[in-house]
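Working notes for the structure below.
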Amino acid sequence: MRADLEARLARFQRLGLSHLPTPLEPMKRLSTHLGGPRLWVKREDCTGVGLGGNKLRKLDFVLKEALDTGADTLVSGGVVQSNSQRQVAAAAARLGLECHLAVYHGRVAPPNAAYETSGNALLNRLFGATLHDVPWTGDRNGAIRDLAQKLSESGRKPYVVPYGVSNPLGAVAYATTIVEIAHQSASLGFTPAAIVHCSGSAATQAGLAVGAAHALPNTRIVGIDIDAEPERVHADVVRYAQGAAVLLDLPFDSGSIEVVAGHAGPAYGVAHDATIEAIRLAGRLEALALDPVYSGKGLAGLVALIRGGRWPADADIVFIHTGGTPALFAYGETLGL
Ligand SMILES: *Cc1c(COP(=O)(O)O)cnc(C)c1O
């Protein structure tokens, strides 16, 4: 089944910007600290370009389409510390495309002055993106589409990269992670009981779910809601998974999709005690740099599931480090670091 998924994915052209495969490494000290199960980390923070992260894997597929349409400008958006728009800015620099970003203000209350200028905000400027400040309205793609409209009226050929690079093609791209984990875990001598990661704009989980259903059928995909909107996340995962299954010409039963609520803290972008504990554990025990908006909340969810007894001590669980490390520098004060 793994070979079949690989063959289906090989029909999609991609740019090859990301450094792949990303490593799959044991987290021995964290496993011991928590008293089992055996924990592993899939290093999606190590995808390379512009300090890496999970969006680059999607952009490899999605930006191939952008180039094929003859686009000269990428348009995307996100909150001030969005990892997604920083990865779009990085890819645009590499491809020699102009990059315009709708920067949403008001979704997150800035925890301190560094939030506005440091981390991803600094990198967006470094990579040469043009930033357009817009108010957050709750419509993730509205201001991005408006910006693209204005740019095309002024003679550019914009390509819209959706919020979080989440669409059915982005989900297809994420199924490639399952092929990598299937190869890597087999050569390390285990089958993961679960792959756990944080879920937001949803195409990451959608791709993992479609890929695993086909190539790792005994592995459960567990998404941790970090948006404090578990129903919306679940609905989006189902929608993108169904779209990806159509593109891959595979059957898919969305009844298997699991989005876990209760670990997002009070709101998107607000770090709570469990997140801060998870970030500290990952740093001190495994030298991993997680962030307070995404990967830290994802690990907080995994730690809570382990403490709740979800898996036996001899199970193998893969945590995906989805990236986000630059955002850590915008939250130093909040984390007491
Ligand atoms: C975007 C992002 C996620 C969530 O991935 P989605 O595909 O949007 O669900 C997780 N972690 C980090 C660091 C991200 O930037």
Side-chain angles (χ1 to χ4, degrees), residues 22 41-47 50-59 61-62 76-90 107-108 119-120 123-124 140-141 161-177 195-211 221-230 232-241 243-244 257-260 263-264 268-269 271 275 278-279 282 288-302 319-331:
T22 57
V41 58
K42 175 70 171 162
R43 299 293 305 270
E44 294 287 282
D45 59 320
C46 296
T47 51
L51 298 189
N54 66 337
K55 305 306 184 296
L56 285 167
R57 195 184 280 276
K58 304 181 195 177
L59 288 168
F61 283 58
V62 170
S76 196
V79 299
V80 174
Q81 287 297 332
S82 162
N83 302 296
S84 181
Q85 61 180 356
R86 181 256 307 163
Q87 289 166 80
V88 173
R107 185 178 185 199
V108 182
N120 288 306
L123 293 171
N124 288 337
R140 295 157 175 248
N141 285 301
V161 180
Y163 194 95
V165 203
S166 278
N167 61 17
L169 185 59
V172 167
Y174 234 88
T176 62
T177 312
I195 296 172
V196 181
H197 69 99
C198 58
S199 201
S201 70
T204 297
Q205 184 168 1
L208 293 171
V210 171
I221 305 300
V222 180
I224 308 291
D225 162 50
I226 53 78
D227 269 340
E229 296 174 344
R232 199 274 307 153
V233 174
H234 188 276
D236 283 350
V237 176
V238 168
R239 192 156 54 95
Y240 296 136
I257 286 176
E258 179 178 359
V259 174
V260 177
H263 304 288
Y268 172 79
T275 303
I279 292 171
L288 295 171
L290 303 185
D291 78 276
V293 184
Y294 290 99
S295 51
K297 286 187 178 175
L299 185 62
L302 173 58
F319 173 68
I320 302 189
H321 185 341
T322 40
T325 304
L328 190 54
F329 298 96
Y331 282 86

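Sequential numbering from 1 along the given sequence is applied to the chain's residues. Whatever order the structure lists them in is the order used to number ligands and atoms, beginning at 1.
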> If you count only heavy atoms, which residues are under 4.0 Å from ligand 1?
Replying inline: Asn54, Lys55, Lys58, Asn83, Ser166, Cys198, Ser199, Gly200, Ser201, Ala202, Ala203, Thr204, Asp291, Tyr294, Thr322, Gly323, Gly324

>> Using a strict threshold of under 4.0 Å (side-chain N to carboxylate O), is an ion pair present between Asp227 and Arg140?
In response: yes

>> Is it the case that the side chains of Tyr268 and Tyr294 hold a donor-acceptor pair, with the cut-off being a distance below 3.5 Å and no angle test?
In response: yes

>> Let me confirm one number: the NE2-CD1 distance from His197 to Ile320, rounded to the nearest 0.5 Å.
In response: 6.0 Å

> Are a donor atom and an acceptor atom from the side chains of Thr22 and Glu44 found within less than 3.5 Å of each other?
Replying inline: yes

>> We want to know whether Thr325 and Asp45 form a side-chain donor-acceptor pair, criterion being a heavy-atom distance below 3.5 angstrom.
In response: no

> Side chains of Lys58 and Ser166: donor-acceptor distance under 3.5 Å anywhere?
Replying inline: yes

